Amino acid sequence: MRYWLLKSDPDTFSWQDLVASPRRTTRWDGVRNYQARNSLRDDVAVGDGVLFYHSQADRAVVGTATVTRAAYPDPTQFDRKSPQHDPGSDPGDPRWVAVDIRAEREFAHPVPLDQLRKTPGLAKMTLLQKGSRLSVQPVTSGEWEIICRLGGVATK
DNA sequence: GCCAACGTTGGC
DNA sequence: GCCAACGTTGGC
């Protein structure tokens, strides 16, 4: 099993939105970056652990989630009314994929970006590299344990 | 709100 | 195939 960090702008879709979703589960769609797409399509598997990160004003890891469905075509790419519509994607060979995730543990203490930067053992995190904008990032098991501990939840 | 960094587009 | 221009992301 692997671990991932998923970025979300809380003004668009927040942790609270995820928790309020039916079965605490949502479709993680709208990824429109090829590198992130490749991770979703090729490497993200059911049962993988997810660190849920708020970008923008919040900038903190706020909880954990579990992947409950592996990659499938992102329906929003074919929805002309969606801001995520991609007129260049061929329905016979969809360009973008989605996965499903379910909220697991809410952090008692959200872990802000500043704290991540200060924490020994996290310096190599993709999130902390200059210019890193990937919305789907791999996380090592060591990083996962450190961050869950900081967040106040036990690791499995 | 600003702007640096990044990915994508399109002219050549 | 190069690269300038553009739009977007996201930290500050």
Side-chain angles (χ1 to χ4, degrees), chain A residues 2-21 26-44 48-65 67 70-101 103-140 142-153:
Chain A
R2 305 190 204 210
Y3 300 97
W4 307 93
L5 181 144
L6 297 187
K7 271 187 201 173
S8 190
D9 171 3
D11 290 336
T12 304
F13 190 86
S14 69
W15 170 260
Q16 288 73 22
D17 292 328
L18 176 59
V19 169
S21 300
T26 195
R27 182 178 67 216
W28 198 259
D29 57 28
V31 170
R32 295 294 181 268
N33 169 282
Y34 286 103
Q35 194 177 344
R37 187 279 311 266
N38 291 346
S39 292
L40 282 186
R41 186 189 59 192
D42 303 333
D43 296 325
V44 175
D48 282 359
V50 170
L51 294 174
F52 197 99
Y53 176 80
H54 278 170
S55 63
Q56 300 290 102
D58 235 27
R59 274 169 283 125
V61 180
V62 294
T64 68
V67 176
Y72 58 97
D74 176 354
T76 67
Q77 68 195 305
F78 303 121
D79 179 358
R80 295 186 184 193
K81 293 174 189 165
S82 169
Q84 299 168 355
H85 178 235
D86 179 0
S89 183
D90 173 6
D93 184 20
R95 184 178 287 172
W96 307 111
V97 298
V99 299
D100 288 354
I101 64 167
E104 208 66 45
R105 305 295 305 276
E106 180 166 323
F107 278 6
H109 314 288
V111 184
L113 185 62
D114 290 350
Q115 188 179 5
L116 295 174
R117 289 195 195 285
K118 288 179 194 162
T119 303
L122 298 182
K124 292 182 180 173
M125 271 190 85
T126 304
L127 182 71
L128 304 184
Q129 307 313 306
K130 186 178 171 79
S132 165
R133 296 196 322 195
L134 268 185
S135 61
V136 179
Q137 306 180 358
V139 170
T140 68
E143 291 161 353
W144 171 272
E145 292 197 14
I146 291 171
I147 293 168
C148 286
R149 194 174 307 129
L150 292 173
V153 307

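Labels below follow one simple rule: chain letters A, B, ... track the order of the sequence lines, proteins then strands, and each chain is numbered from 1. Computed from a predicted structure; not experimentally measured.
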### Task
Please work out whether the ring planes of F13(A) and W28(A) are parallel, tilted or perpendicular, with thresholds of 30° and 60°.
perpendicular
#### Entry: d(CG, L134(A); P, dG10(C)) in whole Å
9 Å
### Message
For F52(A) and W15(A), take the angle between the two ring planes, folded into 0 to 90°, and tell me which bin it lands in: parallel under 30, tilted 30 to 60, perpendicular over 60.
### Response
perpendicular
### Task
Could you check how far CG of L5(A) sits from P of dT9(C), rounded to whole Å?
17 Å
### Message
Tell me whether the side-chain N/O atoms of Y53(A) come closer than 4.0 Å to OP1 or OP2 in dG11(C).
### Response
yes
### Message
Run the side chain to side chain contact (heavy atoms under 4.5 Å, CB included) test on V31(A) and D74(A) for me, step by step, so that the C-alpha distance in whole Å, both residues' side-chain angles and the decisive distance to 0.1 Å come before the verdict.
### Response
CA-CA 9 Å; V31(A) 170; D74(A) 176 354; over 6 Å; no
### Task
May I ask you to evaluate whether K7(A) reaches the phosphate of dG10(C), defined as a side-chain N or O under 4.0 Å from OP1 or OP2?
yes
### Summary
From OH of Y34(A) across to C1' of dC6(B) the rounded distance in Å is 15 Å
### Query
When the distance from NE2 of H54(A) to P of dC12(C) is rounded to whole Å, what number comes out?
18 Å
### Query
Do D79(A) and T76(A) have a side chain donor and acceptor closer than 3.5 Å?
no
#### Entry: Distance in angstrom units between L127(A) CG and dG10(C) P, rounded
10 Å
### Summary
R117(A) CZ to dG11(C) P, in whole Å, measures 8 Å
### Query
What is the distance from CD of Q56(A) to P of dC2(B), rounded to the nearest Å?
15 Å
## Note on the structure
Taken to the nearest whole Å, CG/L113(A) to P/dG11(C) is 6 Å
